[in-house]
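Presented below is the structure to which this report refers.
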Amino acid sequence: MSSFDESDAFEGAVLSLSQQAMAARSTPYLDGLNPEQRRAVEALDGPVLMLAGAGTGKTKALTTRIAHLLTTGRARPNEILAVTFTNKAAREMKNRVAGLLGETVEGMPWMGTFHSICVKLLRRHAELAGLKSNFTILDTDDQIRLLKQLIRAENIDDKRWPARMLAHLIDNWKNRAWTPDKVPSSEAAAYNNRGTEIYEAYQARLKTLNAVDFGDLLLHVVTIFQDHPDVLAKYQNWFRFILVDEYQDTNVAQYLWLRLLAAEHKNICCVGDDDQSIYGWRGAEVGNILRFEKDFPGAAVIRLEQNYRSTHHILAAASGVIDGNEDRLGKTLWTEKNDGEKLRLIGHWDGEEEARWIGEEIENLQTGTRGLDPVSLDHMAILVRASHQMRAFEDRFLTIGLPYRVIGGPRFYERLEIRDAMAYFRVTVSPDDDLAFERVFNTPKRGLGDKAMQQVIHAARNNGVSLLEGLRISLEDGALGARYRKSAGALLNGFDRWRLAAHRGDNHIQLAEIILEESGYTDHWKAEKTPEAPGRLENLKELVKALEQFENLQGFLEHVSLIMENEQEDATEKVSIMTLHAAKGLEFPAVFLPGWEDGLFPSQRSMDESGLKGLEEERRLAYVGITRAEEICTISFAANRRIFGQWQSALPSRFIDELPVDHVEILTPPGLYGGGFGAAATPGMDGVTRGSALEDRVRSADVYNSPGWKRMQARSQQRTMGQPREARNVVIDLEAVSSFGLGDRIFHQKFGYGAVTAIEGDKLSVLFDKAGEKKIVASFVTGIDDVPF
DNA sequence: TGCGGTGAATTTTTT
DNA sequence: ATTCACCGCA
């Protein structure tokens, strides 16, 4: 579009007007930096690679650099391109830059995720990709449904060749920036020799639907840049300074995108840590960061090596592990902190005992045994390799009444009910959205099955119109069977009415409620008696609430597809449970790393599929895990674990053998695993040693009186200052206990509805309708007015 | 069309 | 073990 320069310049106007004032301003923000950070901030010209180890203050350096660019007047806010991978990271960057400058940074339109920036670019130049600028963004689910249709049309057995597989394949190709014509012939055998062919058909179908998938966002923009040098040149000139966070996670498409944009000014600053590259399986190329100096000749390479997060022992242990990797740029982290506590290593008989032990440890920390002050649950985390490991902890914590939060579970906008509701909104806003139409045609069930759908599709095809119009035609010419007419007519009328209301500019929040009401969608969940139903209704309310932040439905839908997260923090202190991947970038005073067994961690599958490369990535994952800890890091493993309902025994992880002995304290008692490091372990040892001996040993461990422990508690206290600390829910909720009687119907967040079968102090035995009998702390259930049984 | 039974698959995750 | 998808029957 030709409006390029004006609109861009305009977007930045808010901040740039104070540019002169800024140039004259002093630079107090530089004072808090160490020499390397300062170098990274002040080396403004030419390519810079900032190798920032874990906990070395890279976000500080990055944001200060931006502040410096602005303050010195080297760039206007809208001439800086700053890319991150997640919305969270982008938000934090914005906030911190604002904090440094002491004002809000409204005028930085090009700070965001790769994807959100690409959406912006693509909406401007959509026609160059054969799209209209109001294209829809399909998520993984839409993508798979679409592929399924194509696969069926091609008469391929989607049992043997699942759509999921094809979706991954196409994603991988897009990550490598391969359009259908650029997929190399070496890939020809993919997906039963039909891969490229269906890829091409898929892209064509997307174009007719005026839709793109996530991979397309980058791919289309890269393609536009490559095919239209004039467009590229504008942006190359415009972005005087480029900053990239987590550069080690970039894939080929993102790399090309960056290289094209940086070609003119070459002021590109990439921040990353090759030792924290853990996303190889989704296309990230560590090679990008390893190759930086070749790609950008004359690049300044700055290493941030002073770690401000962890104690010496933790750092040394992490370094010892990561030393096992071959391909590294090499950094030596150091700290001015004290030695602190050694890492603690403990073996368990099985996964349940591991969960039990960690639960006790957490309670010890939390309540503060031996007269020591308590540590907040918010400052403890359990980091697992695979999400199925979480359940053992959830089960255990529910029974003992330990509050926890799972981070990175199913995302809000991926939930069934949210996607359904949004499909209604989509058809309302864009009647051409066939995918959305298909989704809601018989949702909730209104008697419109496959046959009715086929008729509508038929009518739409014959007349070359959307499915919604196809429905209208089918009703008008009577092609649709009499039995369908009533409900189909109601649906059509509904959409007509809602669309009119939207055009009229009716309040979009009310409109959303009306749509969900009149379509029968809320009623459908009200009528449903499954344990999830109340939660789903709750989520729908949340969705409507989220609309408040937008002008209208249209605006909401345009933005929402890229914000796949929901963060609703409640005030209760909780232990965090998450995967190692989700933990990247976070830090906690106390960290538990369970499940260090060969096959689970390092993951067998990773090693099978990617061999040594896979193992090295797993090792980096171990490094990420250990370096999350500030004061206390506890690694554990179990000899036996139930996997897919089958008991399996395992050897301790090879990473355990790689831990430097001097920095580890072994809590595993003699007798279990021969008492030594994991190396001597033999699975299937006698069960006699489990239980008391081990627990005694743990209880007698004197870590609670160590200096490191006390420091951690001191810090934990500081952080929670200002927040009232009463009402810790370890205290038995007497009211809750007394309010339940035998046979009462209750509801539980995780297990759903059930009936009380026994009461024992604050613990209830509950026979759940779905989940069977469980022992639950009374305060975790709510009574319901339902008639018993 | 919708329900209930049987069989197969099952890392890591953002956008 | 548990979930999810599909098939056959009412």
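Heavy-atom basis, side chains included; hydrogens, waters and symmetry copies ignored. Proteins get letters first, then strands, A, B, ... in listed order; numbering begins at 1 in each.
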Distance to the ring centre below 6.0 angstrom and angle to the axis at most 45 degrees; does that hold for A:Arg123 and A:Phe135?
yes
All salt bridge (Lys or Arg N to Asp or Glu O under 4.0 Å) counterparts of A:Glu246, not counting sequence neighbours:
A:Lys58, A:Lys584
Roughly, in whole Å, what's the span from NZ in A:Lys445 to P in B:dC3?
7 Å
By nearest-nucleotide position on DNA chain B, the 5'-leaning member of A:Asn442 and A:Leu621 is A:Asn442
Could you give the CD1-to-C1' distance, from A:Ile144 to B:dT13, as a whole number of Å?
14 Å
Looking for any heavy atom pair under 4.0 Å, which part of the strands does A:Leu138 touch: base, sugar-phosphate only, or nothing?
nothing
So, A:Asn442 side chain and A:Leu448 main chain: donor-acceptor pair closer than 3.5 Å or not?
yes
Map A:Ala452 and A:Arg282 onto DNA chain B by nearest heavy atom, then report which one ends up closer to the 5' terminus.
A:Ala452
Rounded interatomic separation in angstrom, taking CG from A:Leu615 and P from B:dT12
19 Å
Provide, to the nearest angstrom, the distance between the CG atom belonging to A:Asp350 and the C1' atom belonging to C:dA1.
16 Å
Rounded to whole Å, CG of A:Asn251 lies from C1' of B:dT13 at a distance of 13 Å
Between A:Met453 and A:Tyr484, is a side-chain contact (heavy atoms from CB on, under 4.5 Å) present by the stated rule, with each step listed?
CA-CA 10 Å; A:Met453 189 74 241; A:Tyr484 304 121; over 6 Å; no
With a 4.0 Å cut-off on heavy atoms, is A:Gly215 in touch with a base, just the backbone sugar-phosphate, or nothing at all?
nothing
Side-chain N or O of A:Asn87 less than 4.0 angstrom from OP1 or OP2 on B:dT14?
no
How many Å lie between NE2 on A:His581 and C1' on B:dT12, as a whole number?
4 Å
Strictly by modelled atom types, are A:Glu417 and A:Asn539 linked by a side-chain donor-acceptor pair under 3.5 Å?
yes
Round to the nearest Å and state the distance from A:Gln254 atom CD to B:dT13 atom C1'.
13 Å
Whole angstrom value for the distance that separates C1' of B:dT15 from CZ of A:Arg419
14 Å
Should A:Lys174 and A:Asp216 be marked as a salt bridge (charged side-chain N to carboxylate O under 4.0 Å, His left out) after you check the CA-CA gap, both sets of side-chain angles, and the distance that decides it?
CA-CA 7 Å; A:Lys174 288 184 177 176; A:Asp216 281 336; 2.8 Å; yes
Output the distance between atom CE (A:Met165) and atom CG (A:Leu147), rounded to the nearest 0.5 Å.
13.0 Å
Could you run down the sub-3.5 Å N/O contacts of the protein with nucleotides 8-11 of chain B?
| from | atom 1 | to | atom 2 | distance (Å) |
| --- | --- | --- | --- | --- |
| B:dT11 | O2 | A:Arg385 | NH2 | 3.0 |
| B:dT11 | O4 | A:Glu609 | OE1 | 3.1 |

